[in-house]
Amino acid sequence: MNKAEPQACNLEPNLEEIAKNIDAGLLPSEVFSNQAIFELELDRLFIRTWLFVGHESEVPKPGDYVARSMASESVLLVRGHDDKIRVLINTCRHRGNIVCRSGQGNTKNFECSYHGWCYDNTGALIGVPGIEAYGGKLSPDQWSLIQAAKVEHYNGLIFATFNADSPSLEDFLGETKWYLDILTKRSDEGLQTLGPPHRWVIPTNWKLPADQFVGDTAHFPFTHISALKLGTWPITDGPPWVANISLENGHGIWIRGVEAGHPVLWVRGYPDSVTASLKRNLLPGQQEVLNRATSLGGNILPNLAFMDLAFADEPGASSVGYLSLRLWNPISVDQTEIWSWCLVEKDTSQEFKEKAYKAYLRGFGPSGVFEQDDVVVWSGASQTAKGPVSRKLLQNISMGMNNSELDTSFPGPGKVYTNKTRFLESNLRSFYRNWLQNLIGGQ
Amino acid sequence: MNKAEPQACNLEPNLEEIAKNIDAGLLPSEVFSNQAIFELELDRLFIRTWLFVGHESEVPKPGDYVARSMASESVLLVRGHDDKIRVLINTCRHRGNIVCRSGQGNTKNFECSYHGWCYDNTGALIGVPGIEAYGGKLSPDQWSLIQAAKVEHYNGLIFATFNADSPSLEDFLGETKWYLDILTKRSDEGLQTLGPPHRWVIPTNWKLPADQFVGDTAHFPFTHISALKLGTWPITDGPPWVANISLENGHGIWIRGVEAGHPVLWVRGYPDSVTASLKRNLLPGQQEVLNRATSLGGNILPNLAFMDLAFADEPGASSVGYLSLRLWNPISVDQTEIWSWCLVEKDTSQEFKEKAYKAYLRGFGPSGVFEQDDVVVWSGASQTAKGPVSRKLLQNISMGMNNSELDTSFPGPGKVYTNKTRFLESNLRSFYRNWLQNLIGGQ
Amino acid sequence: MNKAEPQACNLEPNLEEIAKNIDAGLLPSEVFSNQAIFELELDRLFIRTWLFVGHESEVPKPGDYVARSMASESVLLVRGHDDKIRVLINTCRHRGNIVCRSGQGNTKNFECSYHGWCYDNTGALIGVPGIEAYGGKLSPDQWSLIQAAKVEHYNGLIFATFNADSPSLEDFLGETKWYLDILTKRSDEGLQTLGPPHRWVIPTNWKLPADQFVGDTAHFPFTHISALKLGTWPITDGPPWVANISLENGHGIWIRGVEAGHPVLWVRGYPDSVTASLKRNLLPGQQEVLNRATSLGGNILPNLAFMDLAFADEPGASSVGYLSLRLWNPISVDQTEIWSWCLVEKDTSQEFKEKAYKAYLRGFGPSGVFEQDDVVVWSGASQTAKGPVSRKLLQNISMGMNNSELDTSFPGPGKVYTNKTRFLESNLRSFYRNWLQNLIGGQ
Amino acid sequence: MAHTVNDHTHRQVVEFLMHEAELLDDRGFEEWLEQLTEDVVYQVPIRDTGKKNGDSEILRDGAWLSENWKSLDMRIRRLRMPGVVAEDPPSRTRHFVSNIRIVAGGNPDTVEVKSNLLVYRYRGESVHYDLFSGERRDIIRRVNGAWKLARRDLWLDQAVLASQDISIIL
Amino acid sequence: MAHTVNDHTHRQVVEFLMHEAELLDDRGFEEWLEQLTEDVVYQVPIRDTGKKNGDSEILRDGAWLSENWKSLDMRIRRLRMPGVVAEDPPSRTRHFVSNIRIVAGGNPDTVEVKSNLLVYRYRGESVHYDLFSGERRDIIRRVNGAWKLARRDLWLDQAVLASQDISIIL
Amino acid sequence: MAHTVNDHTHRQVVEFLMHEAELLDDRGFEEWLEQLTEDVVYQVPIRDTGKKNGDSEILRDGAWLSENWKSLDMRIRRLRMPGVVAEDPPSRTRHFVSNIRIVAGGNPDTVEVKSNLLVYRYRGESVHYDLFSGERRDIIRRVNGAWKLARRDLWLDQAVLASQDISIIL
Ligand code: FES
Ligand code: FES
Ligand code: FES
Ligand SMILES: [Fe+3]
Ligand SMILES: [Fe+3]
Ligand SMILES: [Fe+3]
């Protein structure tokens with residue numbers, strides 16, 4: 001179908017000028033519509049940095065695999081027969097056919113349907129029909145499936161990178177690890193995904209959802225005004241407190257909660273086992289965060305967003321705590337595929353899990369009453385950014401730039417911005433500064 | 001869906017060579033398919049010149065607004081609480097969300113659904129939730145909605161431009177005003193639109209419909225051979241007379257009618273009040289034109305076309321006069337959105353209005369028997385212009401170049417071309433010459 | 001609809017490096033996804049070389065025409081009133097409207113629906129309404145429909161080229177003629193098409209199907225493993241023999257059959273008249289080929305592929321011999337329109353023809369059990385070639401490069417590669433070498 | 001949910017709608033015209049995008065089509081003429097009529113019937129097709145024993161037409 | 001192919017489905033809710049792309065929607081609120097319900113019915129539309145003489161959603 | 001507009017068509033095959049774009065499919081094989097059958113029935129889908145008390161196929 005919409009623009013971007021603007025709290029709209037910037041993002045950011053690909057619990061047994069996308073490169077996340085997790089590019093080395101067309105499964109081998117080249121579940125080329133035809137010049141070990149240069153996980157969250165020279169995952173996450181611990185180490189048994197990830201494609205540049213998740217707490221009472229009235233958001237006592245925590249490498253965390261001293265952990269409805277284990281597994285400061293945050297979200301530049309929150313499945317029902325993960329898969333300058341997971345602690349009851357999944361679905365899944373509203377504003381901003389006049393405008397990301405304090409008493413790492421108004425965009429500035437650094441540094 | 005059609009070409013256009021060809025009555029096909037030319041058109045023509053946006057009668061009361069598109073920039077045509085008409089770019093200054101998603105309405109304020117920035121109906125930023133977070137550094141008056149640099153109207157036809165240095169609307173229209181008067185000043189009460197504009201998207205470069213409206217009287221008996229047989233076109237006496245009137249700034253008017261001395265005003269079926277007022281309001285020469293033209297059309301470069309004609313709503317029924325306006329909204333090099341209005345004098349009867357609206361619908365609306373045929377030829381020419389051989393061909397726009405007289409006895413301004421054959425393309429040459437001047441001059 | 005797929009890449013191709021890789025048996029994936037390469041192909045290959053357009057039997061009578069596409073330029077293959085076959089570009093010389101919108105027919109004239117210019121069935125401009133308006137400056141003979149520079153046929157296969165400086169069709173076909181004779185001269189009465197061509201659009205770069213047809217015999221037992229089990233492929237005795245025959249100008253032929261001395265002509269089920277005429281019309285060596293090939297296919301660079309084979313219409317039924325032709329029409333870098341014909345000798349029985357058409361439909365038409373599988377692998381390879389990592393990979397086309405013999409005892413021309421494994425890609429290397437030569441040579 | 005018409009009438013009405021759609025798709029336009037009453041009213045209103053929640057459209061005084069017997073006859077005569085550029089070669093249409101709801105049967109010779117309409121339109125030799133979606137609100141009247149279409153309001157679901165024209169009969 | 005329900009019930013069930021679809025398209029959401037039993041179960045499962053031939057999907061423990069009366073009521077209340085960004089202006093929907101198959105009638109007050117569903121959704125002022133395709137497997141129960149929807153399983157045919165959201169009721 | 005078959009037969013025919021479509025969408029191919037007579041003729045002709053007004057197609061001697069029981073059985077056996085590249089993972093199809101018109105019932109055991117067919121086909125994990133639109137002209141025959149499909153002509157509305165293949169049963 002035709003779209004009665006303007007097309008992406010093709011101006012040559014001036015990265016230095018963009019840098020200056022970001023420092024001044026201004027963001028050129030064209031970062032959301034310029035085709036050249038999108039191509040730079042793929043080349044200098046996405047294929048050079050760590051990308052989230054899935055959760056350990058999705059491939060529990062040797063031979064298990066799930067199909068994923070790393071910046072629209074189709075890959076397979078596989079647990080090999082050696083129990084090692086790899087990320088294999090889903091492209092046959094012979095003539096490029098897609099090796100595996102299934103979304104998930106368990107297999108010993110991947111056999112290409114074009115000429116029968118056969119790879120085992122570690123990616124090794126183990127069968128070439130007619131190999132004699134190569135007169136001994138084809139070394140199978142040089143024609144195995146291309147693997148991501150590194151695959152590492154942090155408490156079950158699996159990341160991969162195509163860049164062999166990248167820092168380690170731990171270094172890449174840096175200060176963010178302290179916060180990820182809060183989400184992933186509450187239970188001795190760890191997290192599990194509920195159901196397969198949701199996948200859908202939305203008409204927006206990938207950075208609009210990413211920058212909202214990194215720190216845009218300000219949109220909440222406006223975009224979600226109707227959803228907030230439904231009675232599924234837990235009500236707590238205590239003076240409201242909101243923070244933007246800017247972390248190394250463009251990552252960021254936001255917290256919506258209460259000031260210290262008014263514990264809200266109870267809203268998550270954890271079973272005793274989790275309440276006990278989190279006391280053992282988390283530092284006191286981390287426990288304090290859980291006790292202050294009714295919701296806590298963030299973005300790990302570029303492609304992983306998360307939100308950890310307490311939410312009820314029905315109006316007036318008790319709330320449960322779950323972790324939602326989001327993967328941004330950039331399809332084109334104005335199309336992004338979302339992958340979305342719901343995770344809970346393994347040692348919660350079946351009833352807790354069902355409640356959590358429904359709370360997730362009805363709130364933040366593709367049919368969720370919060371999610372629906374976000375897509376509209378993201379696609380709106382992505383569309384105006386193509387207008388022949390609007391694409392030359394500067395957006396304003398200076399909120400809190402001249403009125404926020406660093407909360408030095410906060411127990412966690414990073415720059416913890418907060419202010420009385422609870423309106424902040426600190427993390428957005430840090431996100432865009434770092435994003436641009438990748439584009440420039442990659443030159 | 002896939003389209004089994006070639007794609008737009010990307011050759012670097014040689015504007016000087018195009019200029020020479022136009023002077024020789026030749027037009028390179030690639031002007032309809034070259035992506036680089038399309039981008040030049042947006043940058044150097046559309047966002048620098050006057051664009052038609054609507055009719056005064058569409059926003060009669062303070063607070064009334066309609067959503068419009070200026071070269072695919074989404075704008076709002078609003079009558080502010082101060083009764084002044086403005087054109088506001090529909091892009092929130094904060095983060096670029098679409099401010100207003102409604103097609104029309106009446107409002108005091110436009111509130112952005114992302115973070116609640118609120119603009120009044122003059123575009124002024126009057127509310128910023130959490131403004132304290134800017135520490136006094138955000139001056140709302142610097143973050144109001146962007147307005148078109150100028151908005152002016154000519155007898156109710158509203159135009160706007162993004163270019164503060166443009167000439168006045170009156171200067172831009174120039175000689176064309178004399179003809180617009182004929183269409184807009186017949187009644188003391190002025191014109192009114194009937195119904196909302198029709199909008200549809202057709203697979204053609206915008207210049208093909210525009211150049212037909214500017215002066216292609218020659219296609220009429222061929223493209224419309226079947227529609228002409230239906231008995232809705234009024235039959236008049238008098239020797240047929242056809243003219244191409246080339247006007248300043250690439251505008252053009254064509255007339256299909258009769259020679260002087262065989263008055264045809266009666267075909268328009270005006271009520272007495274209009275017949276009387278047009279005698280008062282129009283110059284004798286203008287009255288003569290109305291008495292000679294069964295139909296009169298034109299194009300104001302780039303985006304406004306019009307046709308004023310007498311037409312019957314049913315075969316054999318009496319004809320009524322109405323004015324049809326067309327706005328060409330370029331979506332891409334081969335997609336154009338059409339906006340189409342039907343207008344009549346306010347002081348005609350309800351019956352007259354209904355008859356006029358049906359005559360318009362059945363003839364020239366998106367389901368009209370004339371309109372349908374035009375889309376086919378426009379899209380045909382737009383498609384061949386992409387062919388790897390055809391895109392290098394020169395089209396012929398020399399009709400009448402070597403055989404037409406300037407009718408110096410004609411009462412109106414401009415170069416009035418006419419000839420015995422009644423086959424003319426004079427206005428097309430003037431249209432393209434001026435179009436190119438914009439592209440070159442804008443360098 | 002949105003497509004959750006990466007976009008074509010735009011890197012500037014390094015043709016010299018591609019040449020080196022091809023010599024080493026390596027093929028950069030980006031040849032299937034790079035937009036710049038696609039545009040070079042149109043400009044330097046498709047519009048400069050001979051393209052297949054149809055079969056003589058499709059336009060048997062003066063005035064007969066069929067609409068065709070030459071590299072997405074719409075053309076008409078017409079037999080003029082002078083009984084001469086021409087290829088006319090379907091673009092009106094006046095303003096570029098499509099002259100004829102019908103897929104086939106018989107006509108004296110083509111009249112343009114825009115302004116009535118009328119061309120006869122030789123393309124001559126014979127009518128210009130209002131020609132007086134040109135003041136004698138319009139010479140109709142300079143404004144006739146553009147014709148292909150040359151139209152020639154080889155035994156009924158009609159080719160055309162836009163390049164007046166191209167070699168003759170006979171020189172272009174060169175060694176391939178010897179093989180085409182086998183397919184086209186078996187009967188004294190020649191071939192006839194059965195039904196109109198099938199047309200469908202598949203999401204693949206055109207070279208993937210073309211390179212499979214030129215010599216990829218290796219995919220057969222893998223891609224078609226299920227179809228081969230259905231009992232429609234004829235079973236013959238004799239030691240299997242497979243060859244890749246590389247011919248001048250990038251053309252290639254493959255044969256799947258048996259070694260000499262185990263005649264398999266019988267599988268084609270020809271009537272006596274054909275069995276007799278092919279003995280008269282074919283050289284002994286050509287007859288030997290027919291006696292060794294249960295199937296024989298090939299590709300004439302760039303746009304014609306063919307397959308001549310014996311196939312049963314139902315499991316277990318007797319097989320019949322037919323010729324299938326394929327035209328690759330490149331729509332975009334990742335979209336190809338296929339045109340597909342089934343031909344048989346005219347002097348076969350009605351029953352034979354029906355059987356052949358059903359065998360074709362069920363095997364290799366758009367619903368054919370073999371065809372379906374091929375589209376999947378072609379589109380798979382075309383899609384991975386867009387991945388930000390995969391597009392930089394080198395595919396392997398070295399099969400047989402270091403282990404194949406030239407069969408010098410084979411009666412036909414060209415380099416006849418064969419080996420014991422029957423796995424060969426010799427023709428692919430020759431195809432790509434020649435393809436690249438066109439792109440480089442055209443600079 | 002009461003049966004507003006008896007089974008016999010119900011089936012007749014359904015068959016009338018099926019027959020009428022078939023005539024359009026088979027290009028039996030003249031016979032189709034015979035299925036209309038002489039005073040037929042055929043309207044395709046414009047639906048605009050309003051702001052107010054709960055109001056999925058504001059129907060102003062506009063229409064995509066506003067026809068009577070004479071104007072439909074005019075359109076159909078044109079479809080048969082040589083040189084009808086918009087429909088030569090003609091579109092192929094397919095009218096998918098579903099969700100038939102007979103809403104009133106006060107007068108035994110007049111039936112109000114709603115149905116959902118999806119029209120697939122294909123033209124020429126591309127792979128492109130158009131879809132039109134909407135609701136029909138018809139009034140069918142028995143004239144001399146035969147059912148005829150007396151009024152049709154087709155509420156198209158689009159605000160901007162996703163088709164280059166309406167050259168077919170919807 | 002035995003008639004599992006009598007003609008009368010058959011027609012009632014069909015009319016129930018037509019009425020229910022009409023209420024959704026007419027934005028009569030509150031009245032639509034009244035067509036559901038209080039213990040209604042409304043599920044839209046996820047279908048994933050499995051490898052095994054013969055298995056066109058693997059239904060794991062996921063869903064696009066998993067609703068009950070309260071959660072549907074919540075969604076509908078939201079649709080009526082000012083500031084419901086996702087549906088202001090509201091989508092226009094058209095539910096095309098066809099291939100109605102009444103599969104069981106053991107209990108005279110409970111009917112199992114399958115149908116095919118195509119939903120056309122248009123929003124705003126573009127030329128873009130969404131299509132949702134799937135099969136409904138419903139259980140309809142007679143409550144105090146009126147048929148009510150007691151369970152709906154909608155098997156959507158997509159694995160990756162070709163729509164930016166599901167903000168409408170399918 | 002006369003009732004050409006009685007209500008009972010009418011309902012049986014409709015249910016036959018619904019059941020047959022369900023079998024295809026549920027991948028019950030072998031059972032579907034049992035719904036065909038042994039001498040079944042299954043044709044999908046090619047419609048070409050002719051010039052003459054009034055002739056929306058010229059049906060020449062070509063077809064997209066031209067099948068009998070054996071060839072359909074062959075296709076179905078293939079769909080069950082491992083390594084059937086075209087359908088692994090399998091397409092999901094939805095056959096929307098509407099506008100059912102029973103056109104003749106001269107012989108009580110043979111019924112001619114036309115219907116409109118829209119097929120939605122989804123495959124793999126993209127957001128892409130195919131739509132096939134056309135008219136079915138079927139002959140249904142009663143064999144030993146059970147209705148069977150004896151002949152199907154499917155008139156697709158496309159001239160150029162808007163799908164990469166026809167690997168499903170339409
Ligand atoms: S492409 Fe995979 S084996 Fe050839
Ligand atoms: S984008 Fe409008 S208020 Fe933030
Ligand atoms: S475009 Fe063909 S006559 Fe003018
Ligand atoms: Fe949000
Ligand atoms: Fe016209
Ligand atoms: Fe093959």
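Computed from heavy atoms alone, side chains included, the values below leave out hydrogens, waters and symmetry copies. Here is the naming used below: chain letters follow the sequence lines, and residue numbers restart at 1 for every chain.
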Contact check, side chains of [X] and [Y], non-hydrogen atoms, under 4.5 Å:
| X | Y | result |
| --- | --- | --- |
| B:Thr204 | D:Gln164 | no |
| B:Thr232 | D:Met74 | yes |
| B:Val201 | D:Leu161 | no |
| B:Arg362 | D:Leu65 | no |
| B:Asp373 | D:Arg78 | yes |
| B:Pro366 | D:Asp165 | no |

(request) Look up atom OG in B:Ser226 and atom CZ in D:Arg80, then write down how far apart they are to the nearest 0.5 Å. (result)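 One gets 13.5 Å once the value is rounded to the nearest 0.5 Å.
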
(request) To the nearest 0.5 Å, tell me how far B:Leu230 CG sits from D:Ser71 OG. (result)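 One gets 11.0 Å once the value is rounded to the nearest 0.5 Å.
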
(message) I'd like to verify something: which residue of B:Phe222, B:Tyr357, B:Trp378, B:Trp339 has the highest number of heavy-atom pairs under 4.5 Å with chain D?
(response)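 The option with the most such pairs is B:Tyr357.
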
(request) Heavy atoms only, distances under 4.5 angstrom: which of D:Arg75, D:Lys70, D:Gln158, D:Arg123 has the most pairs with chain B? Name it, please. (result)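 Answer, by heavy-atom pair count under 4.5 Å with chain B: D:Arg75.
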
(message) Please classify the contact between B:Glu371 and chain D as side chain, backbone, both or neither, with a heavy-atom cut-off of under 4.5 Å.
(response)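 For B:Glu371, there is no contact with chain D at all, as no heavy atom is under 4.5 Å.
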
(message) Does any backbone or side-chain atom of B:Ala227 lie under 4.5 Å from a heavy atom of chain D? Answer side chain, backbone, both or neither.
(response)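 Both parts, backbone and side chain.
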
(message) Under 4.0 Å between a side-chain nitrogen and a carboxylate oxygen: does that hold for D:Glu67 and B:Lys358?
(response)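 Looking at D:Glu67 and B:Lys358, the cut-off is not met.
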
(message) Could you check whether any side-chain N or O of B:Ser367 sits under 3.5 Å from a backbone N or O of D:Trp64, counting only pairs where one atom can act as donor and the other as acceptor?
(response)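 Such a contact is found between B:Ser367 side chain and D:Trp64 backbone.
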
(message) Is it the case that the side chain of B:His198 and the backbone of D:Ala63 share a donor-acceptor pair, with hydrogens and angles ignored and the cut-off at 3.5 Å?
(response)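 Looks like yes, one N/O pair under 3.5 Å.
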
(request) Please report the shortest heavy-atom distance between D:Gly83 and B:Ile225, naming the atom on each side. (result)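 Nearest heavy atoms, D:Gly83 then B:Ile225: O-CG2, 3.6 Å.
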
(request) Can you see which heavy atom on B:Pro315 is nearest to which on D:Arg77, and at what distance? (result)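 Closest approach of B:Pro315 to D:Arg77: CG-NH2, 3.7 Å.
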
(message) For D:Asn68, which atoms come within 4.5 Å of any heavy atom of chain B: side chain, backbone, both, or neither?
(response)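 The answer is both parts of D:Asn68.
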
